[in-house]
Amino acid sequence: MRIALAQIITGRETERNLDLVRDYARRAKAGGAELVVFPEATMRAFGNSLLDVAEPLEGPWAAEVRGIAAELGIVIVAGMFTPGSSAAGTRKVRNTLLVTGPGVDASYDKIHLYDAFGFAESDTVDGGTRPVTFDAGGITFGLATCYDVRFPDLFTENAERGAQVNIVCASWGAGPGKVEQWKLLSRARAADSTTFVLACGQGDPASVGTEPAGSAPTGVGHSAVVSPFGEVLQELDGAPGLLFADLDPAVVEDARAKLPVLANRHKF
C-alpha cells in the first residue's frame with residue numbers, strides 16, 4: 001500500500017488550510033497513494049483561538065474534508081478540533097483526528113494532553129479516553145497525536161488490537177533538542193510495537209520565514225516513515241513537503257517473528 005505524509009504549515013484561516021488539504025491530497029493521489037496523512041492542527045494552527053472553529057464531526061469543515069476524500073478516492077487523516085466540555089463556565093475543545101475515505105469513517109481524540117515545556121493543553125482541551133484503530137487497503141492502522149508519542153502503552157495497545165501501522169500526527173514544539181526527541185520517540189515507538197510508524201508533523205514555520213506564535217507548538221518538520229525495526233525509511237527536513245512510502249504488511253510479520261516483543265512482554 002502506498003501512503004503519503006503531507007508536511008504542511010497551517011495558519012489561522014480554516015479555508016486556506018482546507019486548500020492545503022485539497023492540494024496535497026491531489027498530489028498524493030497523483031503519486032499513487034491510497035492514504036494521505038496530515039498533521040495535528042490541520043484545521044487551525046496552534047497559537048490561535050480554537051473555540052470559535054471547533055465543530056462536530058458532522059460539521060462543515062469535516063464535510064469538506066470528506067468531500068475531498070470522496071472525490072479523489074483516497075483516505076485522509078487530518079487534525080481538527082471538536083467541541084469539548086463546558087462545565088463550570090469553562091468551554092473546552094477536543095484535539096481530534098478525522099479519518100475519512102472509501103469505506104473508512106473514524107475519529108480519535110488525543111488522550112495525553114501536552115502539559116509540558118511551559119504549555120498547558122489541558123487548560124483548553126479535553127482528553128480522549130480510548131485507543132482507535134481502523135482498516136484501509138487490507139492494513140490496520142492505529143492513531144496517536146503528538147504528545148502521545150511519549151507513551152509506549154498506546155502504541156503497543158494499538159498493535160494488540162491488530163495495528164500493523166501507527167500514525168502519529170503532530171504539531172511539535174520547537175526548542176533545544178526537540179527535533180532529536182521527535183526522531184528518537186518515533187523510532188522507539190516503532191520498535192516497541194513492531195509497527196510501521198508514520199510520523200507526520202507540521203512543518204517548521206521558520207523554514208518559510210514565519211515568526212513563532214509565542215510558546216505555542218507550531219511544528220518542527222522532520223516527518224518520517226519508520227520501519228517495525230526502528231529504521232527511518234524516509235524523512236523530510238523542516239520545510240513543507242510530501243513524502244511517499246510503500247508499506248508491506250509482510251515486513252511487520254517478519255519483524256514480529258524475529259523480535260516478538262509483543263508476545264514476550266509482561267504487564268505489571
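Source: prediction; values computed, not measured. By convention here, the first residue in the shown sequence is residue 1.
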* Indicate the ring-plane relationship of Y24 and F38, choosing parallel, tilted or perpendicular according to the 30° and 60° boundaries. => perpendicular
* Relative to the ring of F151, is the ring of H112 parallel (under 30°), tilted (30 to 60°) or perpendicular (over 60°)? -> parallel
[X] and [Y]: side chain donor to acceptor below 3.5 Å:
| X | Y | value |
| --- | --- | --- |
| Y147 | N95 | no |
| Q202 | T218 | no |
| T100 | D105 | no |

Closest contact, heavy atoms only, [X] versus [Y]:
| X | Y | value |
| --- | --- | --- |
| A28 | A4 | CB-CB, 3.8 Å |
| L262 | D192 | CD2-O, 4.1 Å |
| L98 | R66 | CD1-NH2, 3.7 Å |

I need the [X] [atom1] to [Y] [atom2] distance, nearest 0.5 Å.
| X | Y | atom1 | atom2 | result |
| --- | --- | --- | --- | --- |
| E13 | L20 | CD | CG | 12.0 Å |
| I68 | I74 | CD1 | CD1 | 11.0 Å |
| R189 | L154 | CZ | CG | 10.0 Å |

* Asked: Is S186 reaching over with its side chain to a backbone N or O of K183, donor-acceptor style, under 3.5 angstrom?
  -> no
* Output, in order, the C-alpha distance, side-chain angles, deciding distance and verdict of salt bridge (charged side-chain N to carboxylate O under 4.0 Å, His left out) for E71 and R22. => CA-CA 10 Å; E71 174 191 344; R22 189 173 293 107; 5.6 Å; no
* Asked: Is the gap between the ring centers of F81 and F46 under 6.0 Å?
  -> yes
* Kindly check if the number of other-residue, nucleotide or ligand heavy atoms within 6.0 Å of CZ (R150) is above 12? => yes
